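Since this is a predicted model, take the numbers as computed values, not measurements.
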Amino acid sequence: MTTVLIADDQPLQRMGVRMLLEGTPGLTPVGEAGHGAEAVRMAAELRPDVVLMDIRMPGMDGIEATRRINAAGGRTRVLIVTTFDLDEYAYEGLRAGASGFLLKDARPEELVAGIHAVATGDAVVAPRLTRRLLDAYTHQVLAPADTSPAEDPRLRTLTDREREVLLAIGQGWTNTEIAERLVLTESTVKKHVGRVLAKIGARDRIQAVITAYDTGLVRAKP
């Protein structure tokens, strides 16, 4: 059973999501928070598998709440739910440690699939979409790299092959595309991806993409 905390300042939005979760086998809502500070407190108390986090809430916003939940070091993962797919605040949320984001007008089955994906350690946003959106907003939310890729400590432990895989992830390639272009089996690619995530301290593929940009391994399009 996957437990979910709903954090949104709109009561009707929370009610709709709660009804969806209650009617979905394998998912159960464990609480509702109306603002960021309450979400942080309830996440610590209830230890849900997933927090559905709104961005714009009174007081502490969803970005800061996400940052604090992740800083606590628990197993809870955050799925940001935003109203606009090119909202720079959503990217700040990803930088704060969220495992992905969905739109509030997503179909019920998309939200359910997103919750399951995040709960199992996957990223919600598809690699291609991640690349497109990061290209559009990276200049707003990603600071320019001050060191070359070779000098960044997060990359020093990577083998040449693992560096190639991280570069491919940052460029938005799927595992299938990586396998084809690097002439590897897909199972081998999955192993490389797992090692890369562990070595750079990324929780999921989205965080790996951000690391690739942060370190200068991948450069945003001008």
Any side-chain heavy-atom pair from Leu52 and Val4 closer than 4.5 angstrom?
yes
If you link ILVMFWY side chains whenever their heavy atoms are less than 4.5 Å apart, which other residues fall into the same cluster as Val183? By chain and number, please.
none
What I'd like to find out is whether the side chain of Glu64 reaches to under 4.5 Å of the side chain of Val40, using heavy atoms alone.
no
How long is the gap from CZ on Arg163 to CD1 on Ile200, to the nearest 0.5 Å?
11.5 Å
Who passes salt bridge (Lys or Arg N to Asp or Glu O under 4.0 Å) against Lys190, sequence neighbours left out?
none
Heavy atoms only: give me the nearest Arg154-Asp214 pair and the separation to one decimal.
NH2-CB, 3.7 Å
To the nearest 0.5 Å, atom NZ of Lys199 lies from atom CG of Leu166 at 11.5 Å
Any pair with a residue in residues 28-42 that passes salt bridge (charged side-chain N to carboxylate O under 4.0 Å, His left out), sequence neighbours left out, goes on the list, sorted by first then second residue, please.
Arg14-Glu32, Arg18-Glu32, Glu38-Arg41, Arg41-Glu45
Does Met1 sit in a hydrophobic cluster with other residues, and if so which ones, taking ILVMFWY side chains as linked at heavy-atom separations under 4.5 Å, directly or through other members?
none
With the 4.5 Å side-chain cut-off for hydrophobic clustering, are Ile6 and Leu12 part of the same group?
no
Could you tell me whether the side chain of Leu182 reaches within less than 4.5 Å of the side chain of Arg161, counting heavy atoms only?
yes
Exercise: identify the closest heavy-atom pair between Thr2 and Ala119
CG2-CB, 3.8 Å
Under a 4.5 Å cut-off applied to non-hydrogen side-chain atoms, are His192 and Leu184 in contact?
yes
Value rounded to 0.5 Å, distance of CZ in Arg156 from OG1 in Thr215
12.0 Å
Table please: side-chain donor-acceptor pairs of residues 72-81 below 3.5 Å, with sequence neighbours left out.
unit_1, atom_1, unit_2, atom_2, d
Arg75, NH1, Asp49, OD1, 2.1
Arg75, NH2, Arg47, O, 2.9
Thr76, OG1, Pro48, O, 2.6

Of all heavy-atom pairs between Pro29 and Glu22, which one has the smallest distance, and what is that distance?
CG-CG, 3.7 Å
Applying the side chain to side chain contact (heavy atoms under 4.5 Å, CB included) test to Ile55, which of Ile63, Thr66, Asp8 qualifies?
Ile63
To the nearest 0.5 Å, atom CG of Leu158 lies from atom CZ of Arg195 at 11.5 Å
Go through the structure and list residues passing side chain to side chain donor-acceptor pair (under 3.5 Å) with Glu186, not counting sequence neighbours.
Thr176
Using only atom types and a distance under 3.5 Å, with no angle test, would you say the side chain of Gln207 pairs donor to acceptor with the backbone of Ala98?
yes
Atom pair CG (Leu111) and NZ (Lys104), whose distance is rounded to the nearest 0.5 Å:
11.5 Å
Rounding to 0.5 Å, atoms CD1 (Ile169) and OG1 (Thr174) come to a distance of 11.0 Å
